[in-house]
Each structure stands twice: as structure tokens, then as C-alpha cells.
Amino acid sequence: MSEDTISGTRRALALLKVLGAGNPQGMRLTDIAGVSGMNQPSAHRALKVLMAEGFVEQVEASRKYRLALDFFVLAARAAHAGGLRSTARPALLRLSSTLSDSVFLLVRNGFDAVCLDRVEGPFPIRTFTGDIGGKVPLGIGQGSLAILSFLPEEERETVIRFNIPRLLDRGSFDEVGLRMQIQNVRKTGFASLNTGLIPGMAGVGVPILDPEGRAVAALSIGTLSERLEGGRLPLVVELLRKEADGIARQLNPFDPTLRYPTRSLGTEAT
């Protein structure tokens with residue numbers, strides 16, 4: 001192997017480390033070069049090689065770069081990780097058995113929340129997301145609102161601006177109402193809604209947070225409104241939080257589900 005090849009490999013590896021430690025939303029070329037100690041042309045050449053191999057991607061509609069899907073898939077395989085869905089499955093089964101309610105695992109997918117898994121309870125209910133793979137704009141439903149409320153402020157504001165017309169189309173909150181709900185969720189740590197959008201239905205959602213306090217998913221239940229009245233709500237919240245914390249401790253930062261949730265929907269959980 002020539003010295004040029006070795007040097008190029010080292011530059012590429014150095015950039016992977018820089019991007020891995022940087023903002024997950026992406027970094028500008030000038031910042032990448034500055035952190036890595038390379039000049040911009042050298043950094044740009046190394047990034048082009050990594051992009052060609054599928055390890056780096058350029059964020060749509062911007063000039064920022066970030067780690068791409070192939071990198072996370074490779075890292076997940078190397079770590080022998082089962083992924084968020086299999087990690088959370090025992091928690092969903094425990095919650096459904098304990099509470100006798102339907103339990104959902106939701107993840108963010110752009111401006112939406114996607115139902116990654118669910119366990120049916122004995123009570124017939126209707127939900128916003130429907131079955132596994134169903135999605136809803138962030139801000140509608142308890143789990144979706146829990147995710148939105150615990151996104152970084154800049155991301156949260158972007159989602160709010162984009163989703164307000166979509167929420168209004170569904171007869172949900174206006175912007176003031178949504179911001180009040182977000183403020184309340186951030187204060188209490190959970191979302192509990194009974195808006196009347198689905199008559200007779202109610203639910204609770206709690207975020208699953210990464211080490212930086214950013215929501216990557218949510219656990220929620222859907223049930224009959226009367227089953228969340230009185231002293232039952234605090235118990236439900238406590239159980240959801242306990243399981244969410246347990247899942248959070250097992251999160252694999254290289255799990256592609258956290259950035260590409262629909263890729264894990266091809267195989268039904270058992």
C-alpha cells in the first residue's frame with residue numbers, strides 16, 4: 001500500500017471521527033476542516049471518497065455533511081445490536097400485561113412520528129397512527145407530542161413551523177395551543193391528552209431520551225378515557241417512565257433505526 005493511500009485512509013478515518021463527534025444534523029466543510037486540522041481541499045476530497053462509499057451524505061438543501069446510513073448499518077452489525085424495536089419489545093409486553101392497555105413505540109421520521117411497534121390490550125381502541133408503520137405529524141397524539149417536546153429547540157421550531165398547517169387540517173391545536181402543550185410536557189415530562197379528536201379515547205406518552213436529553217422515541221398507551229381518571233394516571237406515568245429509562249440505557253447510538261426508522265419495519269416483531 002502506497003504512502004498516498006495510507007495518508008488518504010487516515011484522512012478519511014479522521015473525518016469519520018469528526019463527524020461522529022459533531023452535530024448529528026451535519027457540519028459545514030469549513031468546520032470539518034478546522035476541527036480535523038486539514039485544509040479545505042483535502043477535507044473535501046476525503047469527504048467525496050466517503051460519500052462514494054456511502055459512509056457520508058450531504059444534508060438535503062444544505063452544504064452540511066453527516067454520517068450516512070451505511071456507516072450506521074456497519075457499526076450496528078459490528079456491535080451485534082438488535083436495534084431499538086427488539087430492545088423495546090419486552091418493555092411493551094410488560095406494560096401491556098401490567099396495565100391491560102395497548103402500548104406503542106414511536107420514533108421520529110422527519111416531520112412525522114412512526115409507529116415502530118405496538119402490543120394490543122383487551123380494550124378496543126382507535127388511534128392516530130393505526131397499525132405498525134402508521135405515521136402522524138409530530139404534535140398529534142401523546143407519543144408524538146412527547147417526541148416533539150424534547151427535540152433540540154432549533155429542530156423543534158422547524159417542526160412546529162412546518163406542521164402547524166397539518167395540525168390545523170386535522171382539527172388539532174393551533175400554534176398557541178401546541179406551544180402550551182409542549183411547555184407543559186417539558187415541565188411534567190409526559191404528555192396526557194384527551195382532546196376529543198377521537199371520542200372516548202385518551203392516552204399518555206413519555207419520551208425516550210438519548211444521553212444529551214434529546215428524544216429519539218416515545219412510549220405511549222392508548223386507552224378508554226375513563227381508565228385515566230382519578231389516581232390511575234400517576235401510576236401509568238410512573239410505569240411508562242421506568243420502562244422508557246430502561247430502554248434509554250440500552251440505546252445503541254449506531255442503531256440505524258434512530259435515523260431511518262422505516263428500515264426496521266420490513267420484519268414483523270414476534
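The first residue of the sequence shown is numbered 1, and numbering continues consecutively from there.
In this structure, Lys64 and Met27 have side chains that are not in contact, with every pair of non-hydrogen atoms separated by 4.5 Å or more. By the 4.5 Å heavy-atom criterion applied to side chains, Gln181 and Leu148 are not counted as neighbours. Side-chain contact between Arg186 and Arg156: present, with at least one pair of heavy atoms (C-beta onward) separated by less than 4.5 Å. Residues Leu105 and Leu219 are in side-chain contact: their nearest non-hydrogen atoms beyond the backbone lie under 4.5 Å apart. Between Glu238 and Pro234, the closest side-chain pair of non-hydrogen atoms is not below 4.5 Å. Side-chain contact check for Arg11 versus Arg45: every heavy-atom pair is 4.5 Å or farther apart. In this structure, Phe150 and Leu209 have side chains that are in contact, with non-hydrogen atoms separated by less than 4.5 Å. Residues Glu157 and Ile160 are in side-chain contact: their nearest non-hydrogen atoms beyond the backbone lie under 4.5 Å apart.
Crowding of Arg232 atom CZ: a count of heavy atoms from other residues, nucleotides or ligands under 6.0 Å exceeding 12. With a 6.0 Å radius and a threshold of 12 heavy atoms from other residues, nucleotides or ligands, Met51 has its CE atom above the threshold. Atom CD of Gln25 sits in a crowded spot, with more than 12 heavy atoms from other residues, nucleotides or ligands closer than 6.0 Å. Other residues, nucleotides and ligands contribute at most 12 non-hydrogen atoms within 6.0 Å of the CD atom of Glu153.
With hydrogens and angles ignored, the 3.5 Å screen pairs a side-chain donor or acceptor of Asn163 with a backbone N or O of Phe111. Side-chain atoms of Arg108 come within 3.5 Å of backbone atoms of Gly110 as a donor-acceptor pair (strictly under, hydrogens ignored). Looking at Ser96, its side chain does come within 3.5 Å of a backbone N or O of Asp101 through a donor-acceptor pair. In this structure, Ser144 contributes its side chain and Gly139 its backbone to a donor-acceptor pair below 3.5 Å. The backbone N or O of Leu116 lies less than 3.5 Å from a partner atom in the side chain of Arg85, making a donor-acceptor pair. In this structure, the side chain of Asn39 engages the main chain of Ser42 through a donor-acceptor pair within 3.5 Å. Side-chain N or O atoms of Glu53 include none that pairs as donor or acceptor with a backbone N or O of Val49 at under 3.5 Å. Judged purely by atom type and a 3.5 angstrom limit, Ser36 uses its side chain to pair as donor or acceptor with the backbone of Ala33.
A distance of 6.0 Å separates CG of Leu178 from CG of Leu167, quoted to the nearest 0.5 Å. Distance CG/Leu106 to CD1/Ile208: 9.0 Å, rounded to 0.5 Å. The distance from the OG atom of Ser102 to the CG atom of Leu224 is 9.5 Å, given to the nearest 0.5 Å. One distance of note links CD of Gln250 with OG of Ser86; it measures 9.5 Å at 0.5 Å rounding. To the nearest 0.5 Å, atom CD of residue Glu57 and atom CG of residue Leu19 are 10.5 Å apart. Taking CD1 of Ile147 as the reference point, atom OG of Ser220 lies at 8.5 Å (rounded to 0.5 Å).
Considering all non-hydrogen atoms of both residues, Ala43 and Met38 come closest at CA-SD, 3.9 Å. For the residue pair Val114 and Lys135, the shortest heavy atom distance occurs at CG2-CB, 4.0 Å. The nearest pair of heavy atoms linking Gly143 to Ala218 is O-CB, 3.4 Å. Here the shortest heavy-atom pairing between Ile247 and Ala88 reads CD1-CB, 3.6 Å. When all heavy atoms of Phe104 and Cys115 are compared, the closest pair comes out as CD2-SG, 4.1 Å. Minimum heavy-atom separation, Ala46 to Leu15: CB-CD1, 3.5 Å.
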* For Thr98 and Leu239, what are the C-alpha separation, side-chain angles and deciding distance, and is it a side-chain contact (heavy atoms from CB on, under 4.5 Å)? -> CA-CA 9 Å; Thr98 301; Leu239 292 173; 3.8 Å; yes
* Asked: Could you go step by step and tell me if Leu84 and Asp117 meet the side-chain contact (heavy atoms from CB on, under 4.5 Å) rule?
  -> CA-CA 10 Å; Leu84 175 62; Asp117 202 0; over 6 Å; no
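By the criterion of side-chain heavy atoms lying less than 4.5 angstrom apart, applied directly or through intervening Ile, Leu, Val, Met, Phe, Trp or Tyr residues, Met180 is not grouped with Ile182; the two fall into different hydrophobic clusters. In terms of hydrophobic clustering, with Ile, Leu, Val, Met, Phe, Trp and Tyr side chains grouped at heavy-atom distances under 4.5 Å, Leu233 and Leu235 are assigned to a common cluster.
Salt-bridge check for Arg179 with Glu175: passed, with a basic side-chain N closer than 4.0 Å to an acidic carboxylate O.
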